[in-house]
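Input: a single structure, listed below in structure tokens.
As a basis for the values below, the full set of heavy atoms in this structure was taken, side chains included, without hydrogen atoms, waters or symmetry mates.
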Amino acid sequence: MRAHDNLEFAQWVFKVGDGSANEDSNDHIELAQRCIVDNSIVDHIFGVSLNTNDYKSYSMKSILTPKNDDCFQLNDQVVEKIPGLLKIYESSDAVVDDDHNDV
């Protein structure tokens with residue numbers, strides 16, 4: 001993880017989190033050039049296509065977002081890169097008790 005290996009970056013991330021980073025009067029934070037991606041951040045982090053034999057390396061990568069909506073959009077972009085058909089597994093919010101003994 002970058003923050004683990006780079007103390008300066010870790011301190012900057014901490015300042016962003018606690019609101020003391022270099023904010024202007026509009027609460028904007030100036031990002032270092034190394035934090036800016038010109039094209040797709042998904043392509044930059046994960047590559048143009050995903051290799052299904054390399055899932056372990058993907059588990060070491062992440063993109064942090066301030067809002068869930070941003071996360072959902074980026075997640076959809078990553079899922080589109082996975083080869084093959086998409087399979088959705090349904091879940092249930094209720095538990096079926098076959099024992100019929102109410103506790």
Side-chain angles (χ1 to χ4, degrees):
M1 183 168 152
R2 184 177 182 179
H4 177 58
D5 298 330
N6 185 331
L7 182 59
E8 180 184 350
F9 181 74
Q11 290 171 337
W12 179 80
V13 169
F14 183 74
K15 288 179 180 180
V16 169
D18 74 7
S20 65
N22 52 346
E23 297 177 20
D24 64 12
S25 61
N26 295 319
D27 291 333
H28 294 149
I29 297 171
E30 183 177 337
L31 296 175
Q33 188 62 37
R34 68 179 184 270
C35 295
I36 298 172
V37 177
D38 292 330
N39 296 315
S40 166
I41 190 169
V42 172
D43 289 349
H44 184 78
I45 300 297
F46 293 99
V48 176
S49 64
L50 294 180
N51 178 351
T52 57
N53 296 322
D54 199 19
Y55 286 119
K56 184 170 179 146
S57 73
Y58 299 133
S59 70
M60 304 300 291
K61 300 177 181 186
S62 63
I63 300 173
L64 301 178
T65 64
K67 298 181 179 176
N68 284 342
D69 288 341
D70 299 329
C71 177
F72 297 146
Q73 288 177 350
L74 292 172
N75 190 56
D76 288 343
Q77 291 176 36
V78 173
V79 169
E80 287 176 9
K81 293 178 172 294
I82 300 173
L85 296 174
L86 176 65
K87 178 152 178 117
I88 298 174
Y89 293 92
E90 301 290 334
S91 66
S92 175
D93 291 337
V95 177
V96 176
D97 182 12
D98 292 334
D99 191 12
H100 302 293
N101 293 326
D102 294 330
V103 179

| note | Closest heavy-atom pair, Ser20 versus Asp18, reported as atoms and distance to 0.1 Å, is OG-OD1, 2.6 Å
| task | Show the numbers, then the answer: is there a side chain to side chain contact (heavy atoms under 4.5 Å, CB included) between Lys81 and Asp43? | result | CA-CA 9 Å; Lys81 293 178 172 294; Asp43 289 349; 2.5 Å; yes
| In this structure, are over 12 heavy atoms from other groups packed under 6.0 Å from Asn39 atom CG? | no
| message | Is any side-chain heavy atom of Val78 closer than 4.5 Å to one of Ile45? | response | no
| field | Val16-Ile36 co-clustered via ILVMFWY side chain contacts under 4.5 Å | value | yes
| Would you say the side chain of Glu90 lies within less than 4.5 Å of the side chain of Ile88, judging by non-hydrogen atoms? | yes
| query | Atom CG of Asn6 and atom CD of Gln11: how far apart are they, to the nearest 0.5 Å? | reply | 9.0 Å
| Single hit among Leu74, Asp69, Asn75 for side-chain contact (heavy atoms from CB on, under 4.5 Å) with Phe72 | Asp69
| task | Would you name the heavy atoms of Asp54 and Tyr58 that are closest together and state the gap between them? | result | O-CD1, 3.2 Å
| field | Heavy atoms from other residues, nucleotides or ligands near NZ of Lys15 exceed 12 (cutoff 6.0 Å) | value | no
| message | Using 0.5 Å steps for rounding, measure from the CG atom of Leu7 to the CH2 atom of Trp12. | response | 14.5 Å
| If you round to the nearest 0.5 Å, how far is CD1 of Ile82 from OG of Ser49? | 11.5 Å
